[in-house]
Amino acid sequence: MNQIKENFLIDSETIFLNHGSYGACPRPVFEEYQKWQRMLEIQPVRFQTETVYSALKDSRVALGEFVGCEEGELLFFQNPTTAISNVIYNLELKSEDEILMTDHEYGALVRAWNALGRRTGANIIQQNIPTNLVTEEDFINAFWKGVTEKTKVIFISQITSPTALIFPIKKIIKRAKEKGILTIVDGAHVPGQLDLKINDLGCDFYTGALHKWLCAPKGTSFLFVKKEHHSWMKPVIYSWGKNGDDPGPTEFLQDFQWQGTRDMSSFLTIPKAIEFYHECIKPLQEKCRQINLEAYSKFQVALGTSPLSEGAGWIGQMVSHPLPIDMPEDLKKILLDDHKIEIPIFEWKGLNLIRISIQIYNTKKDVESLMSALASLN
Ligand SMILES: Cc1ncc(COP(=O)(O)O)c(C=O)c1O
């Protein structure tokens, strides 16, 4: 019996190696979530017009401390794509302007940027970042080749979705700032996986999903907006804003926070998720990284393909690896149906990738089960 896994709601029979997609919520965090939902239902009017605002502030304060920024710079969104779409909506671009990103970005957000490109004529450039990079400088040089006098915005993942690489973005942000280029960071996989100090990074905008590695309930994400941009950031969808019940303190917050009758319970659960992280996840994180590093080398043996990164510095609790071309087309289904292994398999730039995630409920045995299942098919 895996006692840590017992603490999560996830099906105990499934070898769950896909924490990266939607996370998994631990029982105490989920109970806190339901506590808020019950409170809302017991007295909906008082809850939505009074209680919710001080509870939201508690969540912003706890999150600000956790991600390293002021609480007044944080907005809650259900997912990173919605958060970044709201930034995209506010950008005023001309047809000759350029938006620079890597070719490892998250597909839904690439779509959102391309839609902006079609609307404004701005060029969306996906800079090629080779997968055999060794040093931080290699990465910066490869990316910076894409910067021109027309670059207005840099959009970059701190941990990438398809390739699961940790990109060293701090120097990119510094250089961008010197050139007056706006920086927008996609940190969907970062909170709860890497230590995060947004103000130290110095970016203009940062989004993170809290339901992934922080294990908050689903639909819990945030957008950091540096103070100097508050005056021009407006919501895509207007609600009551300063004419509503939200006591503020800023018009910026009032404009975004209240969105009709949405259930904010998942946002109110953030302090509990942070508490769970400090007590239960953080002490075991190094062990997770070690298991992931082992998976990184075992993939090379089991699959015989070249890894996407050179060495440990590029990976945290996830690793993506190319599958050989002769793997069955329905590999994902075979792994789930015949081996009870839940793991994502997808195409990226002509490669067929498999991505493993290691959270505290995973064990070395899970990785071994995957490797022997793969070896039996190869
Ligand atoms: C790098 C990255 N960005 C953004 C997202 C946002 O996901 P959503 O579709 O929930 O907005 C994800 C989700 O997996 C991701 O991996």
Side-chain angles (χ1 to χ4, degrees), residues 16-25 67 75-89 99-116 124 126-127 129 131 139 143 153-169 172 183-194 196 198 201 203 205-224 236-237 256 259 262 266-267 270 273 292 308-309 314-320 332 342-349 353-359:
F16 198 74
L17 291 168
N18 188 6
H19 190 88
S21 283
Y22 304 108
C25 197
V67 300
L75 301 170
F76 294 130
F77 280 89
Q78 74 179 44
N79 62 338
T81 306
T82 320
I84 296 294
S85 295
N86 212 119
V87 184
I88 291 176
Y89 164 83
I99 313 287
L100 181 66
M101 62 188 74
T102 75
D103 55 351
H104 297 234
E105 301 306 329
Y106 183 64
L109 281 162
V110 175
R111 286 192 79 208
W113 284 108
N114 282 334
L116 175 78
I124 311 300
Q126 287 188 269
Q127 184 66 14
I129 305 293
T131 49
F139 168 75
F143 184 74
V153 175
I154 284 176
F155 170 67
I156 193 163
S157 288
Q158 193 172 2
I159 300 180
T160 62
S161 171
T163 48
L165 297 174
I166 300 172
F167 279 163
I169 57 171
I172 300 265
T183 47
I184 306 176
V185 179
D186 178 353
H189 288 278
V190 175
Q193 193 179 160
L194 301 179
L196 178 58
I198 294 177
L201 276 179
C203 57
F205 297 88
Y206 191 105
T207 187
L210 303 175
H211 46 252
K212 289 184 188 279
W213 296 92
L214 191 66
C215 298
K218 306 290 171 278
T220 320
S221 299
F222 73 89
L223 177 69
F224 158 86
V236 172
I237 296 170
F256 283 92
Q259 287 287 326
R262 71 172 160 175
S266 70
F267 305 146
I270 291 168
N292 199 39
L308 294 182
S309 64
W314 300 91
I315 59 171
Q317 285 172 252
M318 297 193 291
V319 62
S320 281
K332 183 174 169 16
E342 178 66 60
I343 190 159
I345 291 169
F346 47 87
E347 196 270 342
W348 178 78
K349 291 183 69 185
L353 299 180
I354 184 164
R355 187 184 74 185
I356 197 171
S357 292
I358 304 293
Q359 183 50 289

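Quick note: residue numbers are just sequence positions, from 1. We count ligands from 1, going down the list as the structure has it; atoms in each ligand are counted the same way.
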Q: Take H189 and W213, measure what side-chain hydrogen bond (donor to acceptor under 3.5 Å, both in side chains) needs, and give me the verdict at the end.
A: CA-CA 7 Å; H189 288 278; W213 296 92; 3.2 Å; yes
Q | Step-by-step side-chain contact (heavy atoms from CB on, under 4.5 Å) determination, R355 to F346 | A | CA-CA 9 Å; R355 187 184 74 185; F346 47 87; 4.0 Å; yes
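Between Y106 and D186 the shortest side-chain heavy-atom distance falls below 4.5 Å.
Residues with a heavy atom under 4.0 Å from ligand 1: N79, P80, T81, Y106, L109, I159, S161, D186, A188, H189, K212.
Few gaps surround CZ on R262; more than 12 heavy atoms of other groups in view lie less than 6.0 Å from it.
Between F167 and W314, the ring planes lie perpendicular to each other; the angle is over 60°, past the 30° to 60° tilted range.
Q158 is linked by a side-chain hydrogen bond (donor to acceptor under 3.5 Å, both in side chains) to Y206, counting only residues two or more places apart in sequence or in another chain.
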